[in-house]
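Fair warning: this is a prediction, and the values are worked out from it, not measured in the lab. A note on names: the letters A, B, ... follow the listed sequences, proteins ahead of strands, and every chain is numbered from 1.
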Amino acid sequence: MTFRVHLRVMPRDGLLDPQGQAVEHALTALGFEEAGAVRVGRAIELAVAASSRGEAEAKARQMCDKLLANPVTEDYLLEVEED
Amino acid sequence: MTFRVHLRVMPRDGLLDPQGQAVEHALTALGFEEAGAVRVGRAIELAVAASSRGEAEAKARQMCDKLLANPVTEDYLLEVEED
Amino acid sequence: MTGSGIAGAFTETVALPGERPITPEVVREHNLNELEYGRILDLLGRIPTLTELGVFSALWSEHCSYKHSKPVLRTFPISGPLVVQGPGENAGVLRLPEGWAVAFKIESHNHPSAVEPYQGAATGVGGILRDVFTMGARPVALLDSLRFGPLDRPRNRYLFAGAVRGVGDYGNCVGVPTLGGEVNFAPGYTGNPLVNAMCVGLLRERDLIRAAAEGVGNVLLCVGARTGRDGIHGASFASEELSEASESRRPQVQVGDPFTEKLLLEASLELITSGLIVAIQDMGAAGLTSSSAEMAARGGVGVEIDTGLVPTREEGMTSYEILLSESQERMLVVAEPARVSEIQAVCAKWELTATSIGHVTDDGIFRVRHHGQTVVAIPGQRLLEDCPIYHPEAEEGEEARARRSALDLGEPVVDIEGALELLLDHPSIASKRWVYEQYDSTVQAGTVLPPGSDAGVLRVPGTDFGLAVSVDCNSRLVALDPYEGGKAAVAEAARNVACTGAIPLGITNCLNFGNPEKPDVFYQFREAARGIGDACRAFGTPVTGGNVSFYNESPAGAIDPTPTIGMVGLLPRVEDRIASYFDSPRDEVYILGETSGILGGSAYWAEVCDFVGGYPPSVDLESELRFQRFLAAAAEQQLLRSAHDCSEGGLAVALAEAVIGGPYVPGSLGADLDLTGYAPDVPVDGLLYGEDGARAVVSCAPPSSRFLIALANEHGVPVFHAGRVQSAGALELQVGPHVFSWSTEALRRIYFDAIPRRMQHPDVDRAAGE
Amino acid sequence: MTRVAVVRFPGSNCDFDTLRAAERYGAEAYFVWHRDVDLRGADVVILPGGFSYGDYLRSGAIARFSPVMQAVKQHAAGGGPLLGICNGFQILCEAHLLPGALMRNAGLTFVSKPVDVTVERTDTVFTADYETDSRLRLPVAHGEGRFVAAPDTLRMLESEGRVVLRYVAATERSPFQPNPNGSANHIAGICNAEGNIVGIMPHPERAADRLLGLTGGSGFFTSLMAWHQAPKMGVQSR
Ligand SMILES: Nc1ncnc2c1ncn2[C@@H]1O[C@H](COP(=O)(O)OP(=O)(O)O)[C@@H](O)[C@H]1O
Ligand SMILES: [Mg+2]
């Protein structure tokens with residue numbers, strides 16, 4: 001089976017996020033006062049071939065730890081869904 | 001109430017996605033043959049103050065249409081959850 | 001004054017409730033030894049608070065106190081007719097014609113770059129930019145000196161790619177052209193890369209501003225980014241109890257924000273030129289602590305700040321954290337109270353905030369409150385001056401001595417002809433186009449010679465003159481003979497500058513070494529510094545500032561000693577600038593200088609004979625000086641079409657680079673040369689690949705020949721007619737019985753592809769790890 | 001004399017270069033701050049290069065909302081000449097004053113080097129002094145210069161001849177790739193239907209001075225000096 005993996009790789013909490021700051025600033029300037037705490041990261045989507053959802057997730061985590069996220073500056077969240 | 005909005009802004013299907021290609025290539029080179037169809041976009045997280053989930057989502061959509069996504073090149077998906 | 005200070009200090013400071021008591025362990029965690037802690041006790045006349053201990057540990061760290069290097073640095077020549085500002089300020093300043101002055105400085109960011117190459121390099125550039133524009137100078141050029149382990153290891157490729165991207169993204173965004181630099185790859189840097197960044201700025205001399213707090217009652221303003229828990233390094237764990245679990249949230253990595261830097265740059269220059277402020281300093285290493293304490297000490301005054309007033313990025317930051325945070329893109333400004341609102345208006349225009357956090361006092365005390373509560377009160381002068389100074393033992397390492405006198409050459413892996421191709425393919429010698437095409441080198445529309453020549457050249461706006469800039473160091477030579485190596489680094493930087501036709505004016509230096517408490521490392525340091533000093537005295541190029549980076553060690557041991565020299569030169573008529581490459585067919589080719597044939601420490605022995613050793617050629621400072629003066633004169637008389645100095649790879653590599661030409665010429669030229677009579681008694685490998693200094697490959701239009709020769713004789717510079725530039729095809733070279741022929745297109749491909757072909761997949765590289 | 005307004009956004013960094021280049025060719029050039037709402041009687045408006053708002057989110061995405069953009073749009077709507085260089089081009093696309101978008105370079109790295117382009121439109125205010133199909137060597141310096149547009153938009157741009165600059169394909173001995181960033185159809189610059197709004201990625205202001213080695217860009221500035229006599233299309237008198 002193949003699964004679709006949705007990844008969100010976000011800057012570590014406490015790390016300065018200049019991009020998030022700029023976007024928040026811009027939203028406020030556009031009158032979206034209700035918006036706050038903006039963080040900007042990377043979204044990655046990929047197909048993973050695996051025999052089970054669990055296996056797909058495990059593989060996706062390996063990919064994150066090895067390549068997709070920079071452990072020094074980023075945290076990641078992933079969702080797996082059947083294709 | 002405030003809601004957390006998770007946004008995924010992805011390059012339009014059919015548009016060349018060099019980042020996605022590079023990541024896919026890297027994954028294969030690292031032996032993750034099971035991975036494919038990689039797309040790389042932007043993940044945005046923000047807090048939205050609103051009286052209802054529906055209102056929060058509506059506001060988030062406005063923000064996307066106005067600023068956060070470029071209609072020419074990007075599609076977006078959003079999830080809203082209570083804080 | 002100080003006396004009353006101590007009395008005051010003695011009584012007023014109290015430990016915070018729940019604050020960790022000062023135990024020998026806590027002292028050790030702050031990297032303070034017994035001697036140092038003893039000094040603190042009798043300086044205060046009491047036990048310090050934890051926050052005070054943090055302050056001492058920051059200011060008495062090697063980085064801030066120079067406690068192992070001061071006595072050696074004092075031996076540098078720092079004065080001269082053009083020196084406006086020598087070492088001790090944020091950057092050195094030299095006088096230029098027509099009321100202009102140049103501010104320049106180089107800084108290391110090695111350790112952050114080893115952890116996170118992209119952010120480490122980016123914030124390194126940010127810091128050096130601030131050092132320059134806080135002097136009132138507009139940054140007009142960046143240079144970067146990079147050192148990594150060999151590119152066959154993925155980790156090294158990852159560090160290289162990340163550092164280059166970091167330098168580029170930051171400088172490109174701020175809008176300062178990167179005009180030059182160097183990249184070197186050697187096993188000694190595996191596990192401990194070097195990232196040194198240099199910035200050059202221009203100012204009207206009258207706009208120069210120094211970072212000295214003055215005027216009792218004047219206000220201290222915090223300008224720019226908010227303060228977060230960024231890089232509160234060695235001291236971090238010590239403050240755990242202060243903010244429980246903050247440790248987990250405290251990132252060791254500082255993230256750069258070049259956009260805020262650009263706003264800070266424009267706002268600072270506007271504040272300085274409008275005369276609204278008394279003094280300004282960047283919050284660099286040890287952030288608010290060092291900037292405020294140093295500004296006070298320079299002005300011979302005291303300061304009082306309340307960390308509770310500092311805008312923070314995170315909730316519940318303690319005074320300790322705020323004082324020691326190294327958040328980027330922040331400035332500390334001193335101004336008269338009446339000016340504050342105008343200052344805030346200027347900052348607001350640039351979308352920045354300026355917040356009053358304290359004032360200048362008359363009691364000489366460095367005093368910090370947190371929401372009113374006094375947490376630090378230390379006599380200011382003594383805080384900066386009482387740190388013990390060390391005179392470590394210095395003795396040359398056995399191994400270095402052995403390598404120098406040894407002579408165990410391996411079998412050459414290629415013949416003398418093939419050696420040229422092998423050297424041009426070595427990433428340290430090959431074209432750095434892969435690097436400098438990631439750097440904006442033309443923004444500000446003042447770039448007269450972009451990266452790719454011996455030195456970068458820029459025009460000073462609205463004048464006829466320009467500046468030439470270069471950074472250089474050959475650490476192989478320094479490792480073998482630190483004294484000669486130190487001289488050689490200055491000589492090469494001066495040669496690079498001189499080859500554009502410029503007159504060397506002065507240097508800044510970044511001294512990257514291992515652990516100074518090791519006698520062999522300190523010997524390298526002391527001797528290299530002695531060499532630098534002697535060379536600068538001989539050339540009349542004072543040392544205007546610099547930076548020392550010790551403890552560059554990896555499991556494998558100390559790095560190769562790397563005293564990087566940043567040189568600035570003046571081109572009186574910038575249109576006279578000389579490029580490095582041959583220009584036109586039929587131009588005459590000359591070799592300047594003499595060749596001894598010594599191969600000690602050469603790239604040829606290292607790469608072709610697998611031997612790093614032997615006695616490097618000693619640097620003849622007099623002939624280097626004659627060489628520099630001759631080139632300046634030849635440029636002024638517009639006699640030269642090209643000039644390229646000999647450095648790594650010797651005469652052969654210099655000839656090849658001159659023939660190959662720049663990256664954007666449609667095709668390479670050729671040359672037909674005969675060196676038979678040049679150095680008759682020198683073996684051909686030494687002649688081609690020896691690395692004697694004071695040499696260059698130059699070309700001139702045929703009619704200029706006689707004037708060139710006359711001028712060379714006049715300056716006592718040996719000049720040998722080697723042949724002619726050809727329209728295309730090959731580099732043909734005869735040396736007595738030896739005849740060599742290299743296809744220039746082939747050389748060109750090797751030279752330009754060497755790095756790109758090794759840098760195909762940087763993303764894969766990080767994952768692949770070691 | 002031609003009055004040239006150079007708009008400064010926070011993060012603009014080619015503002016001085018552009019102002020000086022315009023002045024060198026005799027224009028009366030001045031800065032307009034992004035918060036201003038008045039272009040002070042500008043004949044020609046230039047959005048210079050740089051990193052407005054740090055290029056955060058997408059280059060040009062935030063600058064597009066600066067107060068000054070209202071006046072800029074009115075100026076252009078009245079047929080006034082408007083040039084966007086590099087980041088300025090990105091802003092024009094984000095503001096929908098020009099079609100398409102500029103995305104991350106195909107090579108994924110920042111690209112700084114001279115490139116060869118051909119001038120395909122010589123009836124705009126900014127290119128009138130060039131011969132059609134003349135070749136220029138201009139510096140590029142950008143990380144997001146890959147022009148993309150929907151297929152029908154591309155077709156329209158080509159059929160209406162709205163490609164102003166195009167990267168020259170690498171000829172046998174030329175050291176240049178066909179195209180430094182992967183732009184569709186090698187497009188380096190385009191204009192709107194009326195021809196008064198032009199956006200280009202290369203930097204003519206860095207190639208308008210003999211001393212800097214490149215002079216191919218000077219035509220942009222000599223052209224705009226003659227803006228009122230010239231172009232066949234676009235500009236109506238104010
Ligand atoms: N890291 C770098 N950044 C920018 N330019 C560089 C870098 N490394 C090398 N260069 C440029 O490449 C050219 C050759 O460098 P190098 O071989 O060190 O010259 P040299 O031997 O004359 O010192 C020089 O113009 C130099 O400025
Ligand atoms: Mg050189």
Residue selection (most heavy-atom pairs with chain C, distance under 4.5 Å) from A:Asp65, A:Asn70, A:Thr73:
A:Asn70
Can you check side-chain contact (heavy atoms from CB on, under 4.5 Å) on C:Val115 and A:Val72, steps first, answer last?
CA-CA 8 Å; C:Val115 181; A:Val72 186; 4.0 Å; yes
Side chain, backbone, both or neither: which part of A:Gln19 has a non-hydrogen atom closer than 4.5 Å to chain C?
neither
A:Asp17 versus chain C, the contacting section by heavy-atom distance below 4.5 Å
neither
Taking the six-membered ring for Trp, are C:Phe160 and C:Phe148 closer than 6.0 Å centroid to centroid?
yes
Run A:Glu79 and A:Arg8 through salt bridge (charged side-chain N to carboxylate O under 4.0 Å, His left out) and show every step you take.
CA-CA 9 Å; A:Glu79 292 160 36; A:Arg8 280 190 260 112; 3.1 Å; yes
Would you check if there is a donor-acceptor pair between the side chains of C:Gln119 and C:Thr123 at a distance under 3.5 Å?
no
Contacting region of C:Glu351 [heavy-atom separation from chain A under 4.5 Å]
side chain
